[in-house]
Participant: 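Before I ask anything, let me first share the structure, which is written out below as structure tokens.
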Amino acid sequence: MLKNRIIPCLDVNNGRVVKGINFVDLQDAGDPVEQARIYSDGGADEICFLDITASNENRDTIYDVVESTSKQCFVPLTVGGGVRSVEDINKLLNCGADKVSINTAAVKNPEVVVESSKKFGSQCIVVAIDAKKNSDKWEIFTHGGRNNSGLDALEFAKKMEDCGAGELLLTSMDKDGTQSGYDIQLINKISSSVNIPVIASGGVGTLDHLADGINSGASAVLAASIFHYGKYSISDCKKYLEMKNIPVRI
Amino acid sequence: MKVTIVDYNSGNISSVINSFKEVAKDKVNIEVTSDLNRIESSDKVVLPGQGSFKSCVDALNNISGLVETLNEFAINNKKPLLGICVGLQMFADVGYEETETKGLGWIPGKVSKIDNQNGKYKLPHIGWNQINILKDSKIFKDIENNSHMYFVHSYEFVPEDKNVISAMTDYSSKIVCSVEKENIFGTQFHPEKSDKTGLKIIDNFINL
């Protein structure tokens, strides 16, 4: 039976982790390679890096980070943030990323999704959707949540599936950072409308929230803060989900 | 000993290279090449593959003499070869992804889309699933039955002779996830992304 995945996400800025894991005896709490390793040793089903480096001149640091991580981590590695073109995707894959997540570029130019999924295979193309509720629908935001595209999230999700996306990484901007749980309605709506897996993101504060995400139709749950601040380990999450009869890899 | 990973523009092979180098350490020479002479002189060959069946077959055919060299290596000389994901699928006679495409024809059978029961199951089949080991394959030495492996695919290999199947996995239907025919091995899952258990499979192949 296919297991539901738990994916810790690390925000990386200029080659350093911004929110680190709260490990007391870890000398360098800001090293993404080291932290990815701790997560994978702890049973993470995949690792996700989000490159939040703002300046172009520092962008190359993410390639070094991906390259070192992929030599030490033998679970799938997804990298996103600032991916603009097919060439960017190619570079990340060559450095050892297994999947690349595309956000703004997918909205601005869906051809990038079409072209890259043809060239590299759908399995490595993840489209990241940042959605915010507006009355009875959700709208897509780009540029790290700053710009409202006005596009309907549900229609966009279906379009991305048609363009060749292998997975959708769905973040609720209303919930992100609140630790009050995923946007259950959003997950439910999108995952029941597409045939590709949906990764739920944004808002996890408790173990129950992870179970809610899976029960709303997500194939995988992504979280950041609950892991970084040492609130829960990956193994805590898995034990809890198993107790709730949600299949996980233990 | 020399193990060669065939680099034929079949998509992203960094993880395959990293995992084989991790397992081989300094004991075994891991080479990544499309050079026919170097492939021929290898002790073992790894045939990776990502993307569609058609794009991988096209990429193989684009390198003049590569298919013949692989045939010589695996079929005539009977040296060990491991196909991963689409690398395994290409063992078949024919594949139906994008359009009907002829495979290597090493193991009679076809590659067709996983039946997702009218959308009841998501495709691709992505994530960790357990393998049910059906025969004592050499690459499964010290691998426990029902171990988790990492999968990502929408198509499955359906061999004619069920005796070549060494493991199955259970998704929307039972899917062939590993085959062994004499010196030819293949996994539908990605041992290079399947943590320590996956690395053990790679180790087993290197130590054949």
Side-chain angles (χ1 to χ4, degrees), chain A residues 1-7 40-41 43-46 66-77 89-90 92-100 116-126 161 164-168 191-199 217-220 247-250, chain B residues 9-23 49-56 85-86 97-98 116-130 132 146-155 169-172 175 190-200 202:
Chain A
M1 177 191 272
L2 185 65
K3 302 300 158 68
N4 296 285
R5 288 166 284 157
I6 296 184
I7 308 174
S40 80
D41 286 348
D45 296 309
E46 291 183 24
V66 171
E67 199 164 2
S68 318
T69 307
S70 68
K71 286 189 178 138
Q72 299 185 29
C73 267
F74 300 97
V75 300
L77 175 65
I89 298 168
N90 192 24
L92 284 169
L93 294 175
N94 280 335
C95 289
D98 297 292
K99 308 181 200 181
V100 173
S116 57
S117 61
K118 269 208 186 115
K119 192 161 178 187
F120 311 113
S122 287
Q123 85 288 338
C124 64
I125 304 300
V126 180
E161 178 179 19
E167 276 179 293
L168 299 175
S191 63
S192 60
S193 312
V194 295
N195 270 322
I196 51 178
V198 170
I199 305 163
S219 305
V248 285
R249 173 180 69 114
I250 289 188
Chain B
N9 301 313
S10 67
N12 179 23
I13 58 170
S14 325
S15 289
V16 175
I17 299 168
N18 287 336
S19 60
F20 272 80
K21 286 194 170 159
E22 170 75 13
V23 172
Q50 283 201 352
S52 74
F53 186 92
K54 181 179 185 300
S55 66
C56 285
C85 198
V86 185
E97 190 169 0
E98 288 181 56
N116 72 340
Q117 303 185 13
N118 290 321
K120 210 176 134 204
Y121 289 81
K122 305 255 179 198
L123 284 182
H125 169 221
I126 298 185
W128 296 83
N129 207 335
Q130 285 166 297
N132 179 18
N146 296 321
S147 290
H148 286 94
M149 298 294 167
Y150 188 81
F151 288 82
V152 49
H153 64 128
S154 299
Y155 285 75
T169 193
D170 207 356
Y171 189 50
S172 50
I175 293 169
H190 291 267
E192 77 278 14
K193 287 281 113 188
S194 296
D195 216 345
K196 293 177 187 74
T197 338
L199 295 184
K200 178 65 193 159
I202 291 171

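Numbers restart at 1 for each chain; the letters A, B, ... are given by sequence-line order, proteins then strands.
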Participant: Can you list everything that forms a side chain to side chain contact (heavy atoms under 4.5 Å, CB included) with A/Lys118? Sequence neighbours excluded, please.
Facilitator: A/Val114

Participant: Using the rule side-chain contact (heavy atoms from CB on, under 4.5 Å), only one of A/Val75, A/Val248, A/Leu2 pairs with B/Trp128; which is it?
Facilitator: A/Val75

Participant: Less than 4.5 Å apart, side chain to side chain, heavy atoms only: is that true for B/Gln130 and A/Lys3?
Facilitator: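 Yes, side chains in contact.
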
Participant: Check whether any side-chain N or O of A/Asn195 sits under 3.5 Å from a backbone N or O of B/Lys122 as a donor-acceptor pair, and report yes or no.
Facilitator: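 Not a single qualifying donor-acceptor pair exists.
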
Participant: By a 4.5 Å heavy-atom criterion (distance strictly below it), what part of A/Ala97 contacts chain B: side chain, backbone, both, or neither?
Facilitator: backbone

Participant: Taking side-chain contact (heavy atoms from CB on, under 4.5 Å) as the criterion, tell me which of A/Leu92, A/Val100, A/Leu93 meets it with B/Asn12.
Facilitator: A/Leu93

Participant: Under a 4.5 Å heavy-atom cut-off, does chain B meet the side chain of A/Ser70, its backbone, both or neither?
Facilitator: both

Participant: Does any backbone or side-chain atom of A/Glu167 lie under 4.5 Å from a heavy atom of chain B? Answer side chain, backbone, both or neither.
Facilitator: side chain

Participant: Need one label for A/Ser191: side chain, backbone, both or neither, based on atoms under 4.5 Å from any heavy atom in chain B.
Facilitator: both

Participant: Is there side-chain contact between B/Asn18 and A/Lys71, with at least one heavy-atom pair below 4.5 Å?
Facilitator: yes

Participant: Is there a donor-acceptor contact under 3.5 Å from the side chain of B/Lys196 to the main chain of A/Asp41?
Facilitator: no

Participant: For A/Ile250, which atoms come within 4.5 Å of any heavy atom of chain B: side chain, backbone, both, or neither?
Facilitator: backbone

Participant: For the residue pair A/Phe120 and B/Ser55, establish whether any side-chain heavy-atom pair is separated by less than 4.5 Å.
Facilitator: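 No - every pair of side-chain heavy atoms lies 4.5 Å or more apart.
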
Participant: Is there a side-chain contact between B/Val86 and A/Gln123 (heavy atoms, below 4.5 Å)?
Facilitator: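 No, too far: nothing below the 4.5 Å cut-off.
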
Participant: Mind checking the CZ-CE spacing from A/Arg249 to B/Met149? Nearest 0.5 Å is all I need.
Facilitator: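 Between A/Arg249 CZ and B/Met149 CE, I get 10.5 Å after rounding to 0.5 Å.
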
